[in-house]
Amino acid sequence: MSQIIDLPDYKEQSPEVASYFKDLKNRSKVLEVNRAGRVFASPKGEIEALKDVSLDVYQREFMTVIGQSGCGKSTLIRILAGLETTTSGNVLLDGEQITGPGSDRGMVFQGYTLFPWLTVKKNVMFGLQVSGKAMAECEKDALQWIDLVGLKKFANAYPHELSGGMKQRVAIARALANRPRILLMDEPFGALDAQTRAQMQAYLLEIWHHIDVTILFITHDLEEAVYLSDRILVLGANPGHVQEIIEVPVERPRRPEQFITAEFLATKKRLENLIHVSAPEHIDTSKMLGMG
Amino acid sequence: MGSHQPPQPWFRVGTLLSEKRSGVLMICSFLLPILIYSFVAYCPIFWGHAYELTIAARPDDKVEFGATYTQGFSMEEDEFTRFQKAIRDDNEKLTALYQQGDEADFGMSPRAARSHNKRLLREFEPVLSRNGLFDISVKEEMETKPYYQLLYGAAYDTWGEIATGKEQLQKGSLSEENREIIKKNWALLSSVSETYDSGKLYSKPIYKLIPQGNKQVARASWFPAPHQIIRRGWEDLTGKSELGDLNVPTRYLQSLKIVFFGFFVACLIGLPLALLAGTFSFFSRLIEPFTDFFRYMPAPAFSTILVVIFDIYDQPKIALVVLGTLPHLILMVANTTRMVDQPLLDAAQTLGARRGTLISKVIVPGILPHLYNDLRILLGWAWTWLVIAELIGAKSGLTEIIDTQGRRFHFDHVYPVILLIGITGFVTDQILASFRTVLFPYAASEKKGILSFAFAMVHKLFKSKKATS
């Protein structure tokens, strides 16, 4: 008979983890979202995508937003990037209200958004050039960032010559080159195969470890969320609202071996409960059985 | 040796054929129409036969044969047979008269007979010039009389040589029948003089030469044979034909100027408008509805107005090409501009790009491969307006050749010009298409054209040579 492990409460934190969070919350707030809401007008009437979403992201925090598809994750991150506007509430970056997209919030998208007509180097230089930096300086900076993501050899390659994982590494380098206050990542590894995905997660943690950057990361992969994050915001659907913000009780630095620790599994279990508990509402199994 | 792969079927839904097969079919696609045209052109069952006179004659029967028959005159087969028979009958009558002896009445005075004989010598000219025995171009530099003296002399001498069997005429230029007639004539003529002397010309009528002609397929004038088109096309292109003022190379440059200038002006006006319309909804709503309406008014309908405004020379023609191309250009390019990837625009904005930089650094380079394609297609449009454009005002360019020669039923001049326009448009398009892969290596390539196929073949050949050396 297989043994069912008794999982601890995901809210139990080891002293190290507890002090880590105490330290984290003493840092300055990079991003503050206050009761943000978004209503879309459609021919069938108004659709409320987000309702009263509030969250704080601290300096150098790694925060993940997780939720079912259609719960408004992407709308939220696009609002933070300034690509979408709120219809109520507000968003502050370093205490100042954001008004539109800007280089202080870098973004990495799920699809590949490298400029196909530019080489890797020129792609990374794009933001630097737009900001008006001297050409030589742009190039030097860009090469450093390319080196950081391990693509020195491909500096002069075009995006269509790169694999999916490599493309996303360039996209990360391109976003970081602008030295943004916060890096917004919208399911950046969603299109990658499992193995590349694991590699990219490790890469991202490595970069985050070396560079002073705050990250807000969207995913629908529960393990990815637990493995990467300090805190996880669980977004409920219809309309998108904050269900819970979980402090991940897994110690840092993170290693793949931690996937099977009790804290890890407990957190994952909690996420599963939060996200999947509402699923049966949509599928009436009794009806389906009745058909037979 | 080798793996046994099952043969690929030629017909399979949704599957591309191999490169080799595509190439074969591409060649067939051109060969097939050419073969069908050639078959119809050369096959007599569609047309019957005709004779193009190489030796003309004048029958006594002026009622049935009233026309002036000269070299190059074309006759249907039965008419030609009757024509020959009429001359043979004339000769038989003459034989009968000679048999009557001295009392015979030839029905003409000695003077009239001599001029009759001179005319027969004159009608021998085509045979002489075809064999290089007489140069008709001296006619331009000489007085009429000495020229004819020269011609009669040459014919007279040649007849003498024919009669004595010394001549070397090209095979087929003289029938056996006519040889015999010339021998008989020579017997008569040489009885007076061995060389031509207008004072000492035989004063009774001599025998007429039987008409000869080249047997040909009697195609309609609007269906010239491929070899005629090629030969005439080459003559026209190298300036060796009788077109004179309608010189093909200069006309060609005129036409090219109209097309490319018109296209250039259309781009100059249309591209900025299209770019604005594609980028900003404001301009899209402001520009596109009217443009959409305007393109339904055919450009040639404005031709008389354009002539009044721009005079009759190149300007109204260029204006017509612009008018015909511009609305399509604006709508097409605006659409292309709208198709730029939204995620790329989003990404650029999060990297700090604003309105101006977005247009210059993302939208323009982003649509460039598609824009290039659009412009290629629009250049094709410009070509379609050419002929109508050149007909307005003072006729010009290649169209003047088509129009004037066509009206005279000289379709062998018309076809090469039409082909020239087609080939130019097609080759330009193919060259531009093959450049696309060089200019935009990152853009997905479309279907392969003839030229890129040819490039690939040459490349392969080069590679295999390298490998063997």
Side-chain angles (χ1 to χ4, degrees), chain A residues 74 77-78 80-84 98 100-119 122-133 138 142 157-162 167-168 170-186 188 191, chain B residues 271 274-275 278-282 285 333 335-376 432-448 452:
Chain A
S74 284
I77 203 163
R78 285 179 67 83
L80 302 183
L83 295 169
E84 201 79 70
I98 61 158
S103 57
D104 48 8
R105 281 148 293 144
M107 186 152 170
V108 178
F109 299 80
Q110 177 175 14
Y112 305 126
T113 56
L114 297 183
F115 304 118
W117 57 91
L118 296 179
T119 60
K122 296 266 180 186
N123 258 288
V124 178
M125 284 165 68
F126 186 91
L128 299 168
Q129 279 178 299
V130 166
S131 72
K133 265 194 185 175
C138 293
Y158 281 90
H160 73 274
E161 298 167 305
L162 303 180
K167 281 183 199 166
Q168 288 307 64
V170 178
I172 291 168
R174 185 175 69 173
L176 288 177
N178 271 352
R179 306 305 323 247
R181 291 290 295 138
I182 187 164
L183 180 63
L184 305 167
M185 304 183 86
D186 186 3
Chain B
L271 284 182
L275 217 57
T279 309
F280 301 104
S281 188
F282 176 86
R285 291 295 95 214
V333 175
N335 231 357
T336 301
T337 310
R338 268 191 288 276
M339 288 197 315
V340 73
D341 264 355
Q342 185 59 40
L344 290 187
L345 288 175
D346 287 347
Q349 289 184 71
T350 62
L351 291 168
R354 287 287 164 273
R355 216 180 277 159
T357 21
L358 271 183
I359 295 176
S360 67
K361 291 195 138 186
V362 184
I363 294 180
V364 171
I367 64 166
L368 223 49
H370 309 287
L371 183 68
Y372 184 82
N373 242 359
D374 286 356
L375 293 186
R376 230 186 70 214
L432 290 178
S434 56
F435 273 155
R436 188 175 183 264
T437 33
V438 180
L439 288 173
F440 313 107
Y442 54 85
S445 68
E446 1 147 43
K447 66 178 174 119
K448 273 197 172 170
S452 51

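Every value quoted in this text rests on a predicted model; they were computed, and no experiment measured them.
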Minimum heavy-atom distance [X]-[Y], with the two atoms named:
| X | Y | value |
| --- | --- | --- |
| Gly102(A) | Arg354(B) | CA-NH2, 3.8 Å |
| Ala353(B) | Phe126(A) | CB-CE2, 4.1 Å |
| Leu83(A) | Thr350(B) | CD1-CG2, 4.1 Å |
| Ala347(B) | Phe109(A) | CA-CE1, 3.5 Å |

Interface moiety of Arg78(A) toward chain B, non-hydrogen atoms closer than 4.5 Å: side chain
Contacting moiety of Leu128(A), where chain B heavy atoms sit under 4.5 Å: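 Neither part.
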Lys122(A) atom NZ, neighbour heavy-atom count above 12 within 6.0 Å: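 Counting neighbours around NZ of Lys122(A), 12 or fewer heavy atoms of other residues, nucleotides or ligands fall under 6.0 Å, so no.
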Phe435(B), CZ: over 12 other non-hydrogen atoms inside 6.0 angstrom: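 Atom CZ in Phe435(B) is not packed in, count stays at 12 or less.
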Choice from Thr357(B), Leu368(B), Val362(B) maximising heavy atom contacts with chain A below 4.5 Å: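 Going by pairs under 4.5 Å, I would pick Val362(B).
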Heavy-atom check, side chain of Pro116(A) versus side chain of Leu344(B), under 4.5 Å: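 Yes - at least one pair of side-chain heavy atoms lies under 4.5 Å apart.
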Heavy-atom contact with chain A under 4.5 Å, split by part of Asp346(B):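 Both backbone and side chain.
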